[in-house]
Protein chains: 2
Amino acid sequence: MDLVFKALADESRRLLLDRLRADNGQTLNQLCAGLPGMTRQAVSKHLVILEEANLIAAIKRGREKLHYLNPVPIHEIAERWIGKFERSRLDALSQLKQALERRDE
Amino acid sequence: MDLVFKALADESRRLLLDRLRADNGQTLNQLCAGLPGMTRQAVSKHLVILEEANLIAAIKRGREKLHYLNPVPIHEIAERWIGKFERSRLDALSQLKQALERRDE
DNA sequence: TTGACAGGCAACTAAAAGGTTGCATATTGT
DNA sequence: ACAATATGCAACCTTTTAGTTGCCTGTCAA
């Protein structure tokens, strides 16, 4: 799960995921168009990181490589990790409020 | 939002959030106990990063500083960011499946 | 079959991240 | 008042990360 969080920490990589969500199965060169002012190799490295985090799956078709979004890891983070914070969310909020009010006692 | 993702990218910081979720309003020294083999200053730096991402709020009480979880940013990420991927989740999944099946045509 | 196109690999650089040590400052209990 | 406690600040070091350039390999189409 650490790999997923690390992968999501970069704006360019989140943008790549956005692009794939809008239009799944794109090639490296297509994805490069979404990241102007960055070399193909840089984008390629980002894609490798996303693959290693299992956030995308790549399939070679002839001389090109198609990239597909894998929604599973994001879903797991939502369920397992964010979920537990959501469960105690209102609690934490009221504790924070009370602490802020007690501030100038 | 970038600050939040960056803050969440580190295991130690996620652990600190976990600790606060279990026991809100802890001091720096208390939190240090949860990160053995790391100096107080290192933990302090992590807390600053979490504060800057608005994931926690710190309140000075005398010579100590109490740290409270702020559940809002995590909630926003769940709603605004993860939400949009969840909406196209099953779509992406079936597209991925189909692409994998087409692989050895 | 050869040139153009899609992508991979490796070495290198610059900047950011994570951590440490040492010292300074403020608060509290005796 | 003063020693102990709780935290802050700054300089420094090391590793990781993001990006580049240059070159190599495989595939397709004329």
Side-chain angles (χ1 to χ4, degrees), chain A residues 1-20 23-53 55-68 99 102-105, chain B residues 1-20 23-53 55-68 99 102-105:
Chain A
M1 192 166 73
D2 192 54
L3 283 182
V4 179
F5 274 111
K6 287 241 165 63
L8 294 181
D10 187 90
E11 172 70 40
S12 302
R13 287 193 288 267
R14 293 198 301 274
L15 218 151
L16 285 171
L17 293 180
D18 279 340
R19 291 283 169 157
L20 284 181
D23 191 4
N24 214 354
Q26 295 186 65
T27 69
L28 170 57
N29 273 324
Q30 287 177 306
L31 289 167
C32 280
L35 275 287
M38 187 178 297
T39 59
R40 176 178 55 81
Q41 286 81 352
V43 176
S44 177
K45 279 194 180 180
H46 283 306
L47 289 173
V48 168
I49 291 173
L50 289 170
E51 275 188 68
E52 285 173 347
L55 284 160
I56 64 178
I59 296 172
K60 274 179 74 174
R61 301 277 299 171
R63 68 175 152 183
E64 50 192 22
K65 196 170 172 184
L66 308 180
H67 297 84
Y68 288 88
R102 267 197 308 268
R103 191 163 39 178
D104 10 62
E105 266 175 19
Chain B
M1 193 165 74
D2 191 54
L3 283 181
V4 179
F5 274 110
K6 287 240 163 65
L8 294 181
D10 186 90
E11 172 71 40
S12 304
R13 287 193 288 267
R14 292 198 300 273
L15 218 150
L16 285 171
L17 293 180
D18 279 339
R19 290 285 169 156
L20 285 181
D23 190 3
N24 213 352
Q26 295 185 66
T27 69
L28 169 57
N29 273 324
Q30 286 177 310
L31 289 166
C32 280
L35 275 286
M38 185 177 300
T39 58
R40 177 177 54 82
Q41 286 81 354
V43 176
S44 177
K45 279 194 181 181
H46 283 306
L47 289 174
V48 168
I49 290 173
L50 289 170
E51 277 188 66
E52 285 172 348
L55 283 160
I56 64 178
I59 296 172
K60 274 180 74 174
R61 299 282 296 173
R63 68 177 151 183
E64 50 191 22
K65 197 171 171 183
L66 308 180
H67 298 82
Y68 289 88
R102 267 195 309 268
R103 192 162 41 178
D104 8 64
E105 265 175 20

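Chain letters run A, B, ... following the sequence lines, proteins first and then strands; every chain starts at 1.
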(request) Could you state the atom-to-atom distance from CD of A:Gln41 to P of C:dC9 in whole Å? (result) 12 Å
(request) Tell me whether the OP1 or OP2 atom of C:dC5 has a side-chain N or O from A:Asn29 closer than 4.0 Å. (result) no
(message) Any N or O donor-acceptor pair under 3.5 Å from the base of C:dG8 to the side chain of A:Arg40?
(response) yes
(message) Looking at D:dA6, I'd like to know if its phosphate oxygens (OP1 or OP2) sit under 4.0 Å from a side-chain N or O belonging to B:Thr27.
(response) no
Exercise answer: donor-acceptor pairs, residues 33-45 of chain B side-chain atoms, under 3.5 Å, sequence neighbours excluded:
residue : atom : partner : partner atom : Å
B:Thr39 : OG1  : B:Ala42 : N            : 3.4

(message) Rounded to whole Å, how long is the line connecting atom CG of B:Leu66 with atom P of C:dT27?
(response) 14 Å
(request) Give the minimum heavy-atom separation between B:Leu50 and B:Ala7, together with the two atoms involved. (result) CD2-CB, 4.2 Å
(message) From CD of B:Gln26 over to P of D:dT7, roughly how many Å is that when rounded to an integer?
(response) 11 Å
(request) Check the distance between C:dA17's C1' and B:Lys45's NZ and give it to me in whole angstrom. (result) 9 Å
(request) Measure the distance from NZ on B:Lys6 to P on C:dA15 and round it to the nearest whole Å. (result) 16 Å
(message) If you assign each of A:Met38 and B:His67 to its closest nucleotide in DNA chain D, which residue comes earlier from the 5' end?
(response) B:His67
(request) Return no unless some side-chain N or O of A:His46 is found under 4.0 Å from OP1 or OP2 of D:dG19. (result) yes
(message) In the structure I gave you, are the side-chain heavy atoms of A:Leu17 and A:Ile56 within less than 4.5 Å of one another anywhere?
(response) yes
(message) Under 4.0 Å from OP1 or OP2 of C:dG19: is there any side-chain N or O of B:Thr39 that close?
(response) no
(request) Determine yes or no for a side-chain-to-main-chain donor-acceptor pair under 3.5 angstrom, with B:Arg13 supplying the side chain and B:Lys6 the backbone. (result) yes
(request) Evaluate whether atom CZ of B:Arg14 has more than 12 neighbouring non-hydrogen atoms of other residues, nucleotides or ligands under 6.0 angstrom away. (result) yes
(message) Using modelled atom types and a 3.5 Å cut-off, is there a donor and acceptor pairing between side-chain atoms of B:His67 and backbone atoms of B:Gln26?
(response) yes
(message) Nearest whole Å is fine: how far is C:dA6 C1' from A:Gln30 CD?
(response) 11 Å
Under 3.5 Å, N/O pairs linking protein and nucleotides 25-30 of chain D:
residue : atom : partner : partner atom : Å
D:dT27  : O2   : A:Arg63 : NH1          : 3.4

(request) Output the single nucleotide from C:dA17, D:dT7, D:dA18 whose closest atom is nearest the side chain of B:Leu28. (result) D:dT7
(message) Measuring from the side chain of B:Ile49 (C-beta onward, heavy atoms only), which nucleotide among D:dA18, C:dG19, C:dG18 has the closest atom?
(response) C:dG18
(message) Go nucleotide by nucleotide along DNA chain C from the 5' end; which of A:Lys65 and B:Ala9 gets its closest nucleotide reached first?
(response) A:Lys65
(request) Apply the test salt bridge (charged side-chain N to carboxylate O under 4.0 Å, His left out) to residues B:Arg61 and B:Glu64: give CA-CA distance (whole Å), side-chain angles for both, the deciding distance (0.1 Å), then the verdict. (result) CA-CA 5 Å; B:Arg61 299 282 296 173; B:Glu64 50 191 22; over 6 Å; no
